[in-house]
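First up is the structure itself, then whatever we jot down about it.
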Amino acid sequence: MNKRNDLVIISIHKTNKLYFAAAFSQKGKIVRIALPKTNLEDLITEISNYHPKFIINNMHEKIVAIIAEIYHGNKSNFDIELLEMDIPNKSSHVTSTLKTNFERDVILEVASIPQGHVRTYKEIATSVKTQGYRAVGTAIGKNPFPIVVPCHRVIRSDGKIGGFRGGKQMKIEMLINEGFKIKSDKILLEK
DNA sequence: GATTGACGCCGAG
DNA sequence: CTCGGCGTCAATC
């Protein structure tokens, strides 16, 4: 289990204009994925907020490159085993990747949404057997593995796009990359 | 306890 | 269609 104070390895991959990055534990598991940015510094800053102790080494660049492919809608599957899904002990108050069983249940459910499909927050809530729709939204909002765990494919029950940590525009862009059509903040289901 | 959410539903304009 | 208001529940203060 990787904790806040543990050393992580950050690998970076650049596409046309965007920098992608992910943080890996010593065991080689992904502990954090950053949303792409046009500025490399911002990207590192974001990850360092969660993992102050890091080194930059591109030994894992191939994996980050795959994440970039998924972002652009060019690849659909990813080995979930690469993600650090462990939950910390009750006593350790450090910031780790996932904190509670509830969060993990939600993340695993979202991870099962195939490329080119969407589900609603309500449907995810039903799958994890709760009526706390907002709580589900909050858990998804903290998704440590964006892109790979496709939280951008979770939309509101009324068809509207809903929120996104990297801004709604990025969510829309990713959905368009996967072939969806969007009109006035609503998704058109026939694609 | 009280407050805060990447939500859902219904009813009023 | 847009709002407000309330339901609901997990995390955080």
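Since this is a predicted model, take the numbers as computed values, not measurements. Convention: sequence-line order gives letters A, B, ...; per-chain numbering from 1.
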Checklist entry - How long is the line joining CG of A/Asp185 and C1' of B/dA6, in whole Å? => result 12 Å
Checklist entry - Reckon A/Ser157 has a side-chain N or O less than 4.0 Å from the OP1 or OP2 of B/dG8? => result yes
Checklist outcome for this item: Per nearest nucleotide of DNA chain C, the residue lying toward the 5' end, A/Lys142 or A/Tyr133, is A/Tyr133
Checklist entry - Looking at the side chain of A/Thr100, which of C/dA11, B/dA6, C/dC9 is the nearest nucleotide? => result C/dA11
Next on the checklist: In the structure I gave you, are the side-chain heavy atoms of A/Tyr71 and A/Thr15 within less than 4.5 Å of one another anywhere?
Outcome noted: no
Item to check | Phosphate contact (C/dC9 OP1 or OP2) by A/Thr138 side-chain N/O below 4.0 Å | outcome: no
Checklist outcome for this item: Separation of C/dT12 atom C1' from A/Glu103 atom CD, nearest Å, is 12 Å
Item to check | Whole-Å distance separating the CZ atom of A/Arg165 from the C1' atom of B/dG5 | outcome: 11 Å
Checklist entry - What's the NZ-C1' distance between A/Lys129 and C/dT8, to the nearest Å? => result 18 Å
Item to check | Touch class at under 4.0 angstrom, heavy-atom based, for A/Arg156 against every strand present | outcome: sugar-phosphate
Next on the checklist: Check whether A/Lys29 reaches the backbone of A/Glu81 with its side chain - one donor and one acceptor, N or O, closer than 3.5 Å.
Outcome noted: yes
Next on the checklist: Over all strands shown, is A/Gly141 touching base, sugar-phosphate only, or nothing at heavy-atom distances under 4.0 angstrom?
Outcome noted: base
Next on the checklist: Under a 3.5 Å cut-off for both contacts, is B/dT3 paired Watson-Crick or G-U wobble with anything, and if yes, with which nucleotide?
Outcome noted: C/dA11
Checklist entry - What nucleotide among B/dA6, C/dA10, B/dG8 has an atom nearest to a side-chain atom of A/Phe102? => result C/dA10
Checklist entry - Is it true that A/Tyr133 and A/Val154 fall in one hydrophobic cluster, defined by side-chain heavy atoms closer than 4.5 Å? => result no
Checklist entry - How long is the line joining CD1 of A/Ile155 and C1' of B/dG8, in whole Å? => result 14 Å
Item to check | Among B/dA6, C/dT2, B/dG8, the one nearest A/Lys160 by side-chain distance | outcome: C/dT2
Checklist entry - Taking A/Phe20 as the fixed residue, which of A/Ile147, A/Ile12, A/Ile70 is the one that meets the side chain to side chain contact (heavy atoms under 4.5 Å, CB included) rule? => result A/Ile147
Checklist entry - Quick one: A/Asp158 CG to B/dC10 C1', roughly how many Å, whole number? => result 13 Å
Checklist entry - Whole Å only: how far is the CD atom of A/Gln131 from the C1' atom of C/dC6? => result 14 Å
Checklist entry - How about A/Leu175 and A/Ile161: do any of their side-chain heavy atoms sit closer than 4.5 Å? => result yes
Checklist outcome for this item: Here the distance between atom P of B/dA6 and atom CE of A/Met174, to the nearest Å, is 18 Å
